[in-house]
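Bear in mind that the values here come from a model prediction, so they are computed numbers and not experimental data. First listed ligand is number 1; within each ligand, the first listed atom is number 1. Excluded from the calculations below are hydrogen atoms, water molecules and symmetry mates; all remaining heavy atoms, backbone and side chain alike, are included.
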Amino acid sequence: MPAPNIDTIVSLAKRRGFVFPSSEVYGGLGSAWDYGPLGVELCNNVKQSWWRWLVYERDDIEGIDSSIILNRLVWKYSGHEATFHDPLVDCRECKSRMRADKLEGYFPAGDHAVQFDANERLRGGLVKCANCGSTNLTDERYFNMMFRTTLGAAAAEEDPAALAYLRPETAQGIFINFLNVQTTMRRKIPFGIAQVGKSFRNEITPGNFILRTREFEQMEMEYFVKPDAEHLKLVDEWVELYVEWFKGLGIDGRNLMLHEVPADELAHYSKRTVDIMYRYFPERPEEERQWEELMGIAYRTDFDLRSHSNKPVDEEGNRINAESTEDLSYFDESTKTRFYPHVIEPAAGVNRTVLAVLMDAYSEKTNDKGETRVILKLAPQLAPIKAAILPLAKNKPEIVGMAKAIKRSLQPTLRAVYDDTGGIGKLYARQDEIGTPLCVTVDHQSLEDEAVTVRDRDTWEQERVKVSDLPEHLQRRLQQ
Ligand code: GAP
């Protein structure tokens with residue numbers, strides 16, 4: 001039973017130290033969230049799982065970490081300066097500001113591909129405000145979603161020479177480093193470059209907790225292949241691999257769905273995109289409104305490497321990029337040909353993965369006293385804490401000493417905590433709620449037989465284990 005709605009996770013996340021509303025002491029900052037002690041561990045575990053899976057376990061992927069602020073020309077030639085924008089409208093009645101293309105009535109009924117004049121529809125009263133239902137809306141205007149900043153202490157705010165952007169995707173840092181990675185690591189196509197890091201978008205309507213925020217983290221990989229590779233099939237292959245990876249993180253396949261993005265909704269660089277959707281809104285009665293994008297897998301063609309290169313020319317023979325100092329083409333030794341590699345891009349969000357993982361791990365169980373307990377059935381590899389060491393009696397120095405010594409001995413190899421801030425029932429309940437797979441209890445008998453009780457989070461079953469066998473026992477259980 002996954003969480004019934006996102007609100008259940010918001011409340012658990014705040015109560016147990018996963019995610020806090022940001023800047024709360026100043027009244028908050030719309031749709032900004034801070035990750036607490038358990039949240040940062042969960043995020044790190046998701047990112048590590050992804051990195052291990054792609055960079056360590058495969059032979060064809062390298063990792064990088066590029067700057068967040070890149071030369072402005074990167075965003076000029078990537079197309080983001082000209083096209084990374086959303087249509088915006090204001091409601092004259094309730095003063096809300098909204099993304100126009102998300103409003104009821106924006107598109108003519110039926111086919112999205114049909115040509116239409118959005119402002120004509122807005123003026124004709126066909127489009128409804130999402131907040132108050134009024135049709136008294138302004139014309140739409142386009143709003144670029146990149147955050148602007150100025151570089152250098154002396155730069156005037158409006159100085160175009162000092163203008164820079166916070167990256168809206170990690171992908172461009174990979175493209176501009178394609179040759180650096182390929183030559184230094186002596187890579188042959190096909191190979192990929194992975195990067196994980198923060199991205200920033202000045203979203204018009206952020207919301208739904210960590211689902212859509214202005215600052216977020218992406219895990220992107222650009223997979224470079226030959227121009228004549230089977231690109232559309234490769235998209236399907238990567239979709240399949242990612243669906244399996246999500247399932248390995250504990251997400252039920254029934255809460256994942258594939259969405260083929262219609263041609264008229266594709267990003268400017270994409271020839272095909274398949275989104276993997278997660279059921280973030282199970283409470284909505286209409287099935288089609290329950291889903292939101294978890295990640296996208298796009299076929300980006302050779303668009304980016306060409307755009308950042310100084311050699312390609314347009315139909316009139318003019319260079320498409322006279323400002324680049326490099327040609328990012330690749331020389332294929334086997335065929336003695338030079339070309340711009342094509343790219344398959346799986347692009348996932350860390351925060352959306354964390355939210356999906358939390359929602360899917362959420363469950364409730366009733367104990368023998370009829371009390372309902374929350375159990376967060378996180379996959380052990382993702383659990384912020386792997387084992388909690390609990391003394392049965394905190395006023396018995398020998399028991400406390402033994403529990404603390406066990407915790408210290410486990411610490412170098414797994415994340416363990418010691419807790420004596422309540423009765424054993426309460427301590428178990430707290431660990432269940434934060435997803436700790438195993439609890440280790442030290443009791444009076446432990447002092448006699450050098451053994452402890454290991455309790456399983458999901459079944460509540462208990463097993464007696466010798467302290468000398470404990471590290472190996474826990475490692476084995478955590479890998480199951
Ligand atoms: N390089 C391609 C790219 O950035 P995208 O579909 O715009 O593609 C990829 O973003 C993923 O990044 C999304 O599927 C989502 O998981 C995450 N993402 C995008 N915008 C986000 C936002 N405002 N808040 C949280 N996550 C976001």
Side-chain angles (χ1 to χ4, degrees), residues 6 19 22 29-33 35 43 46-47 50 64 66 68 70 74-75 78-80 83-86 99 102 143-147 165-176 192-223 235 238-239 242-243 245-246 249 251 256-262 265-278 280 291-301 303-305 307 343-359:
I6 291 181
V19 185
S22 184
L29 173 70
S31 299
W33 301 90
Y35 288 79
C43 287
V46 165
K47 289 184 276 185
W50 180 77
I64 63 159
S66 72
I68 285 177
L70 302 171
V74 171
W75 306 109
S78 69
H80 284 78
T83 62
F84 196 62
H85 50 213
D86 277 340
R99 248 182 86 165
K102 297 282 177 199
F143 169 76
N144 193 294
M145 289 197 291
M146 285 194 291
F147 277 102
Y165 302 104
L166 305 189
R167 67 181 177 200
E169 61 171 12
T170 56
Q172 295 303 323
I174 296 179
F175 294 125
I176 58 173
I193 306 178
Q195 165 156 239
V196 53
K198 293 249 172 156
S199 291
F200 303 81
R201 295 180 190 177
N202 203 355
E203 298 277 0
I204 298 168
T205 42
N208 289 314
F209 191 38
I210 53 174
L211 186 69
R212 180 167 287 103
T213 49
R214 295 192 170 105
E215 173 181 340
F216 55 96
E217 237 174 331
Q218 291 184 306
M219 302 176 279
E220 297 200 287
M221 198 272 289
E222 309 302 323
Y223 197 69
V235 169
W238 278 105
V239 167
Y242 265 83
V243 166
W245 181 66
F246 286 123
L249 297 185
I251 297 176
L256 295 171
M257 186 187 77
L258 304 185
H259 170 65
E260 183 82 38
V261 176
E265 289 177 24
L266 289 173
H268 62 277
Y269 50 72
S270 174
K271 272 261 171 69
R272 183 188 180 204
T273 299
V274 176
D275 287 340
I276 300 180
M277 316 285 278
Y278 177 75
Y280 289 105
W291 307 90
E292 181 57 81
E293 176 187 331
L294 169 58
M295 71 168 297
I297 292 104
Y299 166 40
R300 281 183 92 124
T301 69
F303 174 84
D304 301 272
L305 290 182
S307 303
V343 171
I344 313 297
E345 176 196 66
V350 173
N351 319 80
R352 288 191 190 183
T353 304
V354 163
L355 181 56
V357 157
L358 283 171
M359 290 190 74

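Using a 30° and 60° split on the angle between ring planes, Tyr278 and Tyr280 fall in the perpendicular class, above 60°.
Interface of Glu220 with ligand 1, defined as ligand atoms under 4.0 Å from a residue heavy atom, comprises 1 (N), 2 (C), 3 (C), 4 (O). Using a 4.0 Å cut-off to heavy atoms of Met295, the atoms of ligand 1 that qualify are 14 (O). Short contacts between ligand 1 and Arg300, defined as distances under 4.0 Å to a heavy atom of the residue, involve ligand atoms 1 (N), 2 (C). Each of the following atoms of ligand 1 lies closer than 4.0 Å to a heavy atom of Glu169: 1 (N), 2 (C), 3 (C), 4 (O). Ligand-side atoms of ligand 1 in range of Glu345: 1 (N), 2 (C), range being under 4.0 angstrom from any heavy atom. Near Ala347, meaning under 4.0 Å from one of its heavy atoms, ligand 1 places the atoms 2 (C), 9 (C), 11 (C), 14 (O).
At a heavy-atom cutoff of 4.0 Å, ligand 1 is contacted by the side chain of Tyr269 but not by its backbone. By the criterion of a heavy-atom distance under 4.0 Å, both the backbone and the side chain of Arg212 are placed next to ligand 1. By the criterion of a heavy-atom distance under 4.0 Å, neither the backbone nor the side chain of Asp275 is placed next to ligand 1.
In terms of protein heavy-atom proximity, atom 10 (O) of ligand 1 is nearest to Gln218 NE2, 3.3 Å. Of the protein's non-hydrogen atoms, Leu211 O, 3.1 Å is the one closest to atom 25 (C) of ligand 1. For atom 7 (O) of ligand 1, the closest heavy atom belonging to the protein is Arg201 NH1, 2.8 Å. Protein heavy atom in closest approach to atom 18 (N) of ligand 1: Phe216 CE1, 3.5 Å. In terms of protein heavy-atom proximity, atom 13 (C) of ligand 1 is closest to Glu293 OE2, 3.2 Å.
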Practice task
Evaluate side-chain hydrogen bond (donor to acceptor under 3.5 Å, both in side chains) for Gln218 paired with Ser199, printing each intermediate quantity in order.
Solution key: CA-CA 7 Å; Gln218 291 184 306; Ser199 291; 2.8 Å; yes

Problem - Ile68 and Phe200: CA distance, side-chain angles, deciding distance, side chain to side chain contact (heavy atoms under 4.5 Å, CB included) verdict - result: CA-CA 9 Å; Ile68 285 177; Phe200 303 81; 3.7 Å; yes

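Residues passing the ring pair (Phe, Tyr, Trp, His ring centres under 6.0 Å) test with Tyr242, sequence neighbours excluded: Trp53. For Glu169, the side chain to side chain donor-acceptor pair (under 3.5 Å) partners are Gln172, Arg300, not counting sequence neighbours.
In this structure, of Leu294, Leu355, Thr170, Ile297, the residue bringing a heavy atom nearest to atom 16 (O) of ligand 1 is Leu294. Taking each of Thr213, Thr205, Asp304, Asn208 in turn, the one with a heavy atom nearest to atom 24 (N) of ligand 1 proves to be Thr213.
Side-chain N or O atoms of Ser270 include none that pairs as donor or acceptor with a backbone N or O of Leu266 at under 3.5 Å.
The N/O atoms of Gly349, backbone and side chain alike, include one that comes under 3.5 Å of an N/O atom in ligand 1. Close N/O approach between Arg214 and ligand 1 is not found [any backbone or side-chain N/O within under 3.5 Å].
The shell of residues lying under 4.0 angstrom from ligand 1, judged by heavy atoms, excludes Val350.
Between Ile210 and Tyr35 there is a side-chain heavy-atom pair separated by less than 4.5 Å. Residues Glu222 and Glu345 are in side-chain contact: their nearest non-hydrogen atoms beyond the backbone lie under 4.5 Å apart. At a threshold of 4.5 Å between non-hydrogen side-chain atoms, the residues Pro346 and Ile297 count as touching. The shortest distance between side-chain heavy atoms of Glu215 and Lys198 falls below 4.5 Å.
For Lys47, the NZ atom sits in a packed shell: over 12 heavy atoms of surrounding residues, nucleotides or ligands are nearer than 6.0 Å.
Shown here for Ala348 and Met295, the closest heavy-atom pair between the two residues is CA-CB, 3.6 Å.
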